[in-house]
Amino acid sequence: MSTETKTAATTPDYTIANSDVVSKYKTAGEIANRVLAQVRALTIDGATTYELSVKGDELLNEELSKIYNSKKTSKIPKGIAFPTCVNPNHIPAHLAPISEDDEANIKLKDGDVVNIMLGVQIDGFPAIVAETIVVGESAENPITGKKADLLHAAWKASEAAIRTFRPKNRNWDVTNIVGKVAKEFECTPVESMLSHNQERNVLYGSKEIIINPTKQNKSSMETVRFDENDVFGLDILISTSADGKVKPGNYRTSLYKLTGNSYALKMKLSHKILSEFKTKCNNQPFPYNIRNLDEPKKSRGGLAEPTNHKVLLPYDIVVEKEGEYIAQFFTTFGITKNGIVRYTTPTFNPELYKTEKEIKDEEVLETLAQPLKTPKKKAAPKAE
């Protein structure tokens, strides 16, 4: 056997051409979908962002404890790939307070537009999901006006975008279709938000997709093409504002992720906190909520140095303008030889959201009409 053949035989296939990998994505996705539905049901008038994000993580861990427990599978890593975030109104992402008295602990009320995001990983394969709800939604009293327009825009943009992920299509095809859908509902994609391909233990692969790019983004971002067996986390964020611009908010993040970089830290506290962080997150390269550290508030002082030297990536919290709203849908899916396969499935019930706007753009309508699965070609009739 040649060295090349030997290497090929011993290197595991971590793509979705491997049915074992697909199974892990699907199992992770089923857990994420199930927990998202439970958190959504708890997102009611009077609930707080703190209690919902804590409950979401508890439910994720509870579900994870039920799987991969046999002697054969117990050593396979599993855990939260994205801690539960509950983001109201003009806050697009990353709100997961560390305590009840955290400034990010917001009490929700009827009429608030809230997106919920969370995810699970099994053996390093992440399945993340997000969807948006207006608190108090009901069939008897459907949401109308710009909030209803916004949710339809975000949902349709997500549905159109996912259908553009065909082999050899480009990242700019996604950018363009999302912009067109948002325009039909008089909404705007949130500026410079990114989606990426995913790999084992990699949330942010090299294939980037941007929505509402700036001029600088357009000149600096590479054109990439999609390929069979790529897995993507598609993050669609749409705003009611005219420009979709966000700026740093006053909320302090609780989410950090190991980057894989190392640095000789100078401060004793930094060493202590980074060591605890690595232990608590099992050295996994996924975002982790510092709420779970022994002393979350005090630990912030030890997070600055590893963050400054890019040992940790902080998930900063940005905000839109007060009075604007943001809706999000996040789907994890694979590009297969048979078309698109979703591993997470955000939901949207149009009966609860009545809009008077409709899509007229022919390209968008044509895209939305496409099936996710590739239609099987009929076999040519046999010659007599």
Side-chain angles (χ1 to χ4, degrees), residues 14 49-50 53-54 56-57 60-61 64 75-85 87 91-105 117-126 128 192-194 196-206 208 220 233 235 246-319:
Y14 289 133
T49 55
Y50 171 74
S53 57
V54 168
D57 288 358
L60 289 170
N61 284 319
L64 282 160
K75 289 208 165 60
I76 292 173
K78 59 184 180 178
I80 293 175
F82 211 99
T84 308
C85 295
N87 311 294
I91 304 167
H94 309 155
L95 205 74
I98 61 169
S99 63
E100 286 186 333
D101 58 359
D102 190 328
E103 70 276 11
N105 185 24
M117 182 170 174
L118 51 84
V120 164
Q121 61 87 10
I122 295 171
D123 199 15
F125 299 105
I128 295 168
S192 305
M193 290 290 160
L194 296 171
H196 298 81
N197 68 305
Q198 299 177 176
E199 296 166 14
R200 185 172 185 255
N201 290 324
V202 176
L203 271 182
Y204 311 118
S206 59
E208 287 187 332
S220 64
D235 194 8
V246 290
K247 61 182 182 182
N250 296 322
Y251 304 108
R252 299 174 80 182
T253 187
S254 58
L255 305 186
Y256 293 80
K257 179 181 102 63
L258 291 168
T259 61
N261 298 335
S262 56
Y263 177 80
L265 299 170
K266 308 285 189 290
M267 292 170 60
K268 194 175 174 184
L269 179 63
S270 304
H271 273 288
K272 179 177 178 286
I273 299 304
L274 182 62
S275 176
E276 186 194 353
F277 185 95
K278 286 180 173 180
T279 304
K280 290 273 175 78
C281 77
N282 296 318
N283 260 322
Q284 294 293 309
F286 297 102
Y288 184 78
N289 195 320
I290 61 166
R291 178 201 300 139
N292 302 304
L293 300 182
D294 292 342
E295 295 182 276
K297 286 181 188 173
K298 288 184 181 176
S299 72
R300 288 194 189 278
L303 292 165
E305 192 183 7
T307 297
N308 291 340
H309 293 285
K310 297 184 168 50
V311 176
L312 287 175
L313 170 75
Y315 282 73
D316 295 328
I317 299 171
V318 296
V319 296

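As a basis for the values below, the full set of heavy atoms in this structure was taken, side chains included, without hydrogen atoms, waters or symmetry mates. This is a predicted model, so every value here is computed, not measured.
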Are the side chains of [Y] and [X] in contact, using a 4.5 Å heavy-atom criterion?
X: P314; Y: L255; value: no
X: M193; Y: V246; value: yes
X: Q284; Y: N201; value: yes
X: R300; Y: I290; value: yes
X: L203; Y: I128; value: yes
X: D101; Y: K297; value: yes
X: D57; Y: R291; value: yes
X: M117; Y: F82; value: yes

Worksheet entry | side chain to side chain donor-acceptor pair (under 3.5 Å) involving S275 - partner list, sequence neighbours excluded | none
Discussion item. Going by side chain to side chain donor-acceptor pair (under 3.5 Å), name the residues that satisfy it together with D102, two or more places apart in sequence or in a different chain.
Written reply: none
Roughly how far apart are [X] [atom1] and [Y] [atom2], rounded to 0.5 Å?
X: E208; Y: L194; atom1: CD; atom2: CG; result: 5.0 Å
X: S254; Y: Y50; atom1: OG; atom2: OH; result: 11.0 Å
X: N308; Y: Y263; atom1: CG; atom2: OH; result: 9.5 Å
X: E305; Y: M267; atom1: CD; atom2: CE; result: 6.0 Å
X: L118; Y: S53; atom1: CG; atom2: OG; result: 11.0 Å
X: L274; Y: L258; atom1: CG; atom2: CG; result: 6.5 Å

Item to complete: For the pair E295 (side chain) and K298 (backbone), establish whether a donor and an acceptor sit closer than 3.5 Å, ignoring hydrogens and angles.
Response: no
Worksheet item: Is there a donor-acceptor pair under 3.5 Å between the side chain of T49 and the backbone N or O of A104?
Response: yes
Item to complete: Using the ring pair (Phe, Tyr, Trp, His ring centres under 6.0 Å) rule, collect all pairs that involve residues 268-290, keeping only residues at least two apart or in two chains.
Response: F277-Y288
Worksheet entry | D123 bridged to K78 by N-O distance under 4.0 Å | no
Fill in: Stepwise side-chain contact (heavy atoms from CB on, under 4.5 Å) test for I80 and V120
CA-CA 4 Å; I80 293 175; V120 164; 5.8 Å; no
Response to the item:
So salt bridge (Lys or Arg N to Asp or Glu O under 4.0 Å) across residues 249-267, not counting sequence neighbours, yields none
Fill in: Within residues 267-287 or reaching into it, pairs that qualify as salt bridge (Lys or Arg N to Asp or Glu O under 4.0 Å) - sequence neighbours excluded
E276-K280, K280-D294
Worksheet, complete the sentence: When every non-hydrogen atom of P92 is compared with those of V318, the smallest separation belongs to CD-O, 3.1 Å
Worksheet item: Shortest non-hydrogen contact from L269 to G302?
Response: CD2-N, 3.6 Å
Worksheet entry | Parallel, tilted or perpendicular: ring planes of Y315 versus H94, cut at 30 and 60 degrees | perpendicular
Worksheet item: side-chain contact (heavy atoms from CB on, under 4.5 Å) between T307 and Y256: does it pass, once the steps are laid out?
Response: CA-CA 9 Å; T307 297; Y256 293 80; 3.5 Å; yes
Worksheet item: Between the side chains of D316 and T253, does any donor sit under 3.5 Å from an acceptor?
Response: no
Discussion item. Could you work out, with side chain to side chain contact (heavy atoms under 4.5 Å, CB included) as the rule, every residue matching P296, not counting sequence neighbours?
Written reply: I98
Fill in: Heavy-atom neighbours of E100 CD exceed 12 at 6.0 Å
no
